[in-house]
2 protein chains.
Amino acid sequence: MLDFTDKLRPSQPDGPTTLARERGQSSISTEELGRHLLSADGFLERQARILPIVQREPLLSKDKQQNLSRPERFKLGLARAKLLRRLVDKHQWSHEDYKMAEYLVSDVSPYFLHLEMFVTTVREQGSEAQRAHWMPLIDSWKIVGAYAQTELGHGSNVRGLELEARWDPATKEFILHSPTLTSSKWWNGSLGRIANHAIVVAQLLLPKRDAPFEYVSHGPNPFIVQVRDMDTHLPLDGVVVGDIGPKYGYITMDNAYMLFNNFRIPHSAMLSRYSSVDPETGIYTKPEQPATVYGSLTYVRAQIVHHARLVLARAVTVAVRYTAIRRQFKDRDGDGSGSELSVLDYPTVQIRILPLLATTFALHYTGLAMRNIYENAREDIEQGNFYSLAYMHSMSSGLKSLCTMLAADGIETCRRALGGHGFGGGSGLIELNNDYLSKPTVEGDNWMITQQLSSWLIKKMASAVEAPTSPSHDEIEVRFKEFVQVKGAGRNSPLSGYLVLENDEAIVKSFELRATTLAYDAYEQRILKKRSWNSLLIQLHKLSKAQSQSILVGKFFEAMSTDSTLSPSLKDILLDLYRLFALYTMENEAYEFLRCGALSQSILDLIPARIEDLMRKIRPHAVKLVDSWMIPNYLLDSALGRYDGRVYEDLYNRAHRLNPLNRMTFNPNYWEDEIIKGSGDGGSSILSKL
Amino acid sequence: MLDFTDKLRPSQPDGPTTLARERGQSSISTEELGRHLLSADGFLERQARILPIVQREPLLSKDKQQNLSRPERFKLGLARAKLLRRLVDKHQWSHEDYKMAEYLVSDVSPYFLHLEMFVTTVREQGSEAQRAHWMPLIDSWKIVGAYAQTELGHGSNVRGLELEARWDPATKEFILHSPTLTSSKWWNGSLGRIANHAIVVAQLLLPKRDAPFEYVSHGPNPFIVQVRDMDTHLPLDGVVVGDIGPKYGYITMDNAYMLFNNFRIPHSAMLSRYSSVDPETGIYTKPEQPATVYGSLTYVRAQIVHHARLVLARAVTVAVRYTAIRRQFKDRDGDGSGSELSVLDYPTVQIRILPLLATTFALHYTGLAMRNIYENAREDIEQGNFYSLAYMHSMSSGLKSLCTMLAADGIETCRRALGGHGFGGGSGLIELNNDYLSKPTVEGDNWMITQQLSSWLIKKMASAVEAPTSPSHDEIEVRFKEFVQVKGAGRNSPLSGYLVLENDEAIVKSFELRATTLAYDAYEQRILKKRSWNSLLIQLHKLSKAQSQSILVGKFFEAMSTDSTLSPSLKDILLDLYRLFALYTMENEAYEFLRCGALSQSILDLIPARIEDLMRKIRPHAVKLVDSWMIPNYLLDSALGRYDGRVYEDLYNRAHRLNPLNRMTFNPNYWEDEIIKGSGDGGSSILSKL
């Protein structure tokens, strides 16, 4: 279908010319920085190895997928997920290799829960006999499993789940039963259409020992349950299960509803490594260490924090490359000659994108630190020491909340900075945004879980007040005790504030003082003034945010201070990014810093100008900095963000050559029913889908 | 398909019970408040009249539309748009009636541009002869038109458009030609598949009088052009036109690309009410009053501002009703008895939703005021007085930016406050969000257009400094001159700040002082210190925001002060909403208020507690307040937000009975290609769509 547009080129300077100039003006070695960021765990090597394999599969082409309906997109998602699993066999991929392929394809797999929560729960909470029976079936994918915990009426409050598992001493079975509509399992991934088995979490109801017809609940317990027939794949009698329908994102995931009608499962269904019901006596053995459950939740949250940097880096890569290429208006104060300005040269574009570029690095160093702390905590836990688990759990809660908020809001900020083309399918940010917007809610709602960090900080402050001179176990204790001693001595916190514009470490101190002051305020309200917990929730949310911001800033600075591998010129640029991230955060929270005595007004007044200085210094390196995140075009799937800068050619190609709507000719006459010209079909085929 | 779930009910207290209790605890008359808000222009009467008509049309059912693909959804959109137009004929609807139907159906019509920019441009810019020829064709929909201005490479900068309209004196025709790929028209609604005509904006190129083979551009001019064949509906020779593909929202709109290859159009194609080319001499007559163009842009922006309140009210209605019904956790400090708390009783939920509820009212009174100012400005303009147009245009720029940002961010804040179910299709916020996210960008990018208000304020401040005692024409001049005089007398602005916690008018004064101070700062930088315009952009953006916030607060207070129809108890509640909106805004901008001397630290420190007090006072009225926006269930299309509170029944119905994915049984075995069980189709049908 050749036409006169085939030979047209964009106006000059075009994208490739502009990006070449951008890359030429920065001394950064993207290879050095890329290795610094991503060589751990062989990430870069793995990406380079897996990418060509997935890219050559026609089924994994992303060109037209935005045009599919939910059912079509789900079929495609399933076909792709099967293909990926077969590639594992063919290429003998490790689990990490498989995860890389999934990351590059960027579809949420309908098998996701089988590979994550299902296998993990059986492995960690199944008895030896249960594992011996189930693990070979799971590992071979002979059965496909899901994890069914949340219900229509209960998510955050797990103890409030309504589904019942009632022990029948006569038959030695459990009876799963949904007493209400709200007790329906809901949101459970991989279960809506795909899984034939599930971990089902239900209230364990046992007869009272002295009144065997009265039942008492022993709280939620996990059971492994077959829910679909292995031949027909239809739900078993007494089970109603299906997909909950269209959602914001996760289009290829079959999130489920599921209800049971007096559905009997054998005694062996209850996962019994930590808790069990004696089949003879009906006596319940409690789990010894409920804390182990927090271990996997903490792990998931640490993963989410670590993942956030690459998600945000995708959006920032698109934003930086496109706004460098996009030109609009000549300089208002100029003489009218020369070309229009790159929109990235406008401070109002920089202030939206460059602090987010700095945020990708802040997220990176905290993500790394979280992983290290987690590894250490696992060792402690295996030695029966739960102190570091509590520390880790509380930190991961605050950081999960802050980091997913930064990434989710950051994607949308980048999208809006793209102007009109940010609203188009060529941005590459639509599916990213739709999928990622689940993250502020899953694995602990971002507003709710901040209580966990704040509650822990209040406890820490209470012990610091109680014994300000006792030995400290961690940096928080050191800081809190110091604060209490200064306060006790009647000295004020440094009212003039830290000299954050001259000293990088003073930035960390300032963030810490603010968080500590807020922790003391919360301690005062809750412990001394006995205020109700719920009346303090907003304050506690602010405390968690302040502490988490202080970690992001602290870990960034620590990484810069301890690293000895980076070239000095690269470290200078990273330090500017550190300062930009910190000062930008300070400006947004200026009043709180002032109120806590962590910054003086005279310094706060200078911060906006300093931020603009830093942006001017970082601007020439912006393209090379995003290049260093090494995000392949295939993953970006973005006309605006592609490495070679052929933005307009790609947008035009998607519109003119790939859009299926342009294969249809419509009848525009309102007095005629016909929709497709010449079809004579007056909308009845579309009506049949309503 | 009866099964055991048909008889299940949600756990108690259920939605209807909860909403009945909520409505019982508030004295508000929703009828009184509804009439106060929406009786102007017969809005409520019209809604009540049109709603049953659209609701009974099967084609207008929204039940399953989220499951359709883009091409299917576009067909449905076209079928619906035709139906609506036929309903106009059948029921003799006025244009306002038609707009109401479109609002309720909530699809963006593929005929939208025909009805708006196409007809408006011909009417306002066509000569008498042109109007006589075209208007009957347009009014009867014999032709369908669009408006093609923005291009692939240029949106905001209209003067930078690349499409050429070159005058050929020999044939007395214009030659439309796209010299580059970036000169392709882009984003032009209704043109991708539907329109057969378009207003095409192109650089008017005329031969130089003294060198007839050299051409010079006279800037962008509008031409009316036929682009598709009236029989075949295929593009005419020399025209390439199509739909640009999937987007964030606007799924039923065929936004276009369009290019021309030396395409000849007659002399009569150039709209010539204000400017023209003499066909004999080739001499160009300039438009006398380029300001008239600003008139329609200002009108569109005023409409967007006015519309924002109903958009945000939709999201807030869903959020308030659902969070009142949703219960999670018992009181941590309670004795464990009683039911779980409504999540709307948690301050961390209130702080996200109730200030937005207050914002709907703030947007309302400013929207009304804008309409009134616009009506007055029109009269002035017709009398040749452009002063009020300049005033109106600058205000509408700042307000469009602020109000669409408040509404767009507010929808997403509401959605996240819904927890998990906010991510589901039953929220009713997915299409709303997807469509509304166009608004921060269209009709002037939200960051770019704030320059217009700030530029005007700097000019006003410069005249105030020049002649501080001259008579004033508007409230801004009064305020600026007062400021200059106080400053000149060496007096400080009231450093202790206004007593905003005791006096409602002091709130307005405080917002005004902050905006005025920022205006003076900007004047100082630009005029006295001669700073470059682009280096001031961030500061100018802040100034525009401050001024626009001051308008929102001022118009809200003015409406409360001048109204004599509201019952005292209702006015008390509205005043609390006023205070909440204002204080919440102040807290978010605390440092700037402090720095401008508009609030003292001692008052700022009290604001968070006062906000919580106000939220406690407003909380019992929240459901009745959203009820008063009178948004019908049909428009909400939300399981979570429905008036009767049957949240869980509706969510279950959508999942179990309406979801087409549950009609398909899948094959989960990864080693088998087959996707639909028993079909034997190994993904080839889905592959054909890639």
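Numbered from 1 within each chain, the chains take letters A, B, ... in sequence-line order.
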>> Does any backbone or side-chain atom of B/L8 lie under 4.5 Å from a heavy atom of chain A? Answer side chain, backbone, both or neither.
In response: both
> At a heavy-atom separation under 4.5 Å, does A/E649 approach chain B through its side chain, its backbone, both, or neither?
Replying inline: both
>> Below 4.5 Å, heavy-atom pairs only: which of B/D445, B/D605, B/I194 has the largest tally toward chain A?
In response: B/D605
>> Does any backbone or side-chain atom of B/N662 lie under 4.5 Å from a heavy atom of chain A? Answer side chain, backbone, both or neither.
In response: both
> Does a side-chain heavy-atom distance below 4.5 Å link A/P71 with B/L661?
Replying inline: yes
> Any side-chain donor-acceptor pair under 3.5 Å between A/S11 and B/T182?
Replying inline: yes
> Taking atom CD1 of A/I538 and atom CH2 of A/W447, what is their separation to the nearest 0.5 Å?
Replying inline: 7.0 Å
> Between A/P440 and chain B, which part of the residue has a heavy atom less than 4.5 Å away: side chain, backbone, both or neither?
Replying inline: side chain
> Considering only heavy atoms, which portion of B/R228 lies under 4.5 Å from any heavy atom of chain A: side chain, backbone, both, or neither?
Replying inline: neither
> Picking from B/V442, B/N446, B/L59, which has the most non-hydrogen pairs under 4.5 angstrom with chain A?
Replying inline: B/L59
>> For the interface with chain B, which of A/G160, A/G245, A/G192 has the highest count of heavy-atom pairs at distances below 4.5 Å?
In response: A/G245
> Given a strict heavy-atom distance threshold of 4.5 Å, which part of A/Q539 is in contact with chain B: side chain, backbone, both, or neither?
Replying inline: neither
>> Any heavy-atom pair between the side chains of B/L259 and A/D3 that's under 4.5 Å?
In response: no
> Measuring heavy-atom distances to chain B, does A/W533 have an atom under 4.5 Å in its side chain, in its backbone, in both, or in neither?
Replying inline: both
>> Can you tell me which portion of A/F329 sits under 4.5 Å from chain B's heavy atoms? Options are side chain, backbone, both or neither.
In response: both
> Below 4.5 Å, heavy atoms only, C-beta onward: do B/W186 and A/H421 meet side chain to side chain?
Replying inline: yes
> More than 12 non-hydrogen atoms from neighbouring residues, nucleotides or ligands closer than 6.0 Å to NZ on B/K62, yes or no?
Replying inline: yes
> Tell me, side chain or backbone of A/D14 under 4.5 Å from chain B's heavy atoms, or both, or neither?
Replying inline: neither
> What part of B/Y652 is in contact with chain A, defined as an atom under 4.5 angstrom from a non-hydrogen atom: side chain, backbone, both or neither?
Replying inline: both
> So how far is it from B/T450 OG1 to B/L537 CG, rounded to the nearest 0.5 Å?
Replying inline: 8.0 Å
>> Under 4.5 Å from any heavy atom of chain A, what part of B/T441 do you find: side chain, backbone, both or neither?
In response: side chain
> Any side-chain heavy atom of A/R80 within less than 4.5 Å of one from A/L76?
Replying inline: yes
> Counting only heavy atoms not in B/R86, do more than 12 fall under 6.0 Å of its CZ?
Replying inline: yes
> At a heavy-atom separation under 4.5 Å, does A/L604 approach chain B through its side chain, its backbone, both, or neither?
Replying inline: both
> Tell me, side chain or backbone of B/S535 under 4.5 Å from chain A's heavy atoms, or both, or neither?
Replying inline: backbone
> Which answer fits A/Y111, side chain, backbone, both or neither, if we ask what part of it has an atom under 4.5 Å from a heavy atom of chain B?
Replying inline: side chain
> Charged N to carboxylate O under 4.0 angstrom, A/E587 versus B/K542?
Replying inline: yes
> Is B/E72 paired with A/K689 through a side-chain N to carboxylate O contact shorter than 4.0 Å?
Replying inline: yes
>> Rounded at 0.5 Å granularity, tell me how far CG in B/L437 sits from NZ in B/K247.
In response: 14.0 Å
> Is chain A contacted by the side chain of B/Y257, its backbone, both, or neither, given a heavy-atom distance below 4.5 Å?
Replying inline: side chain
>> Quick check for you: among A/A81, A/A417, A/S532, A/S184, which has the greatest number of heavy-atom pairs under 4.5 Å with chain B?
In response: A/S532
> When heavy-atom pairs shorter than 4.5 Å are enumerated against chain A, which of B/R654, B/R9, B/K142, B/Q66 gives the highest number?
Replying inline: B/R9
> Between A/M664 and chain B, which part of the residue has a heavy atom less than 4.5 Å away: side chain, backbone, both or neither?
Replying inline: both
>> Let's test your reading of the structure: which of B/D345, B/N433, B/V144, B/V240 forms the most heavy-atom pairs below 4.5 Å with chain A?
In response: B/V240
>> Measuring only between side-chain heavy atoms, which start at C-beta, is B/N67 closer than 4.5 Å to B/L658?
In response: no
>> At a 4.5 Å cut-off on heavy atoms, which part of B/E412 comes close to chain A: side chain, backbone, both, or neither?
In response: side chain
> For A/Y248, is the NZ or CZ atom of B/R415 found under 6.0 angstrom from the centre of its six-membered ring and inside 45 degrees of the ring axis?
Replying inline: yes
> Looking at B/Q12, B/Q328, B/R70, which one has more heavy-atom pairs under 4.5 Å with chain A than the rest?
Replying inline: B/Q328
> Which atoms of A/N659 come close to chain B, meaning under 4.5 Å heavy atom to heavy atom: side chain ones, backbone ones, both, or neither?
Replying inline: side chain
> Relative to chain A, which segment of B/P179 carries a heavy atom at a distance below 4.5 Å: side chain, backbone, both, or neither?
Replying inline: backbone
> Parallel under 30°, tilted from 30 to 60°, perpendicular over 60°: which one fits the rings of B/W141 and A/Y670?
Replying inline: perpendicular
>> If you count heavy-atom pairs within less than 4.5 Å of chain A, which of B/L234, B/L84, B/L83, B/T232 leads?
In response: B/T232
